[in-house]
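Side-chain atoms are counted along with the backbone in the values below, which use heavy atoms only and exclude waters and symmetry mates.
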Amino acid sequence: MKVAVDLNKCQDHGQCVYAAPELFALDDDGRLSLRARATDVYTADVDEANAEELYEAAEVCPLQAITVHG
């Protein structure tokens, strides 16, 4: 499965970090750590074992910046 984070929408509320701490983190500046490696949209493959946490992270994102495919 793939996850996509729209970094133009993301405002670093961190709800995804609480829902899926193994998949998301905030850096020392309080920004979603994925931003260090991405510009507008970050995509990654995610193991099926993390599906429940990933769907929860997408659901709790206040700006709906996270989408799950597959």
Spacing of L32 atom CG and Y42 atom OH [to the nearest 0.5 Å]: 9.5 Å
Candidate pair M1 and D45, rule side chain to side chain contact (heavy atoms under 4.5 Å, CB included), full reasoning: CA-CA 6 Å; M1 52 190 322; D45 291 317; over 6 Å; no
Can you give each donor-acceptor pair under 3.5 Å made by side-chain atoms of residues 56-70, sequence neighbours left out, with the distance rounded to 0.1 Å?
{"from": "Q64", "atom 1": "NE2", "to": "C61", "atom 2": "O", "distance (Å)": "2.6"}
{"from": "T67", "atom 1": "OG1", "to": "H69", "atom 2": "NE2", "distance (Å)": "3.4"}

Pairwise side-chain contact, Q15 with F24, heavy-atom cut-off 4.5 Å (strictly under): no
Distance (rounded to the nearest 0.5 Å) between L23 CG and N50 CG: 4.5 Å
Minimum heavy-atom distance T43-A4, with the two atoms named: CG2-CB, 3.8 Å
Gap between atom CD of E48 and atom CG of L54 - 0.5 Å precision: 9.5 Å
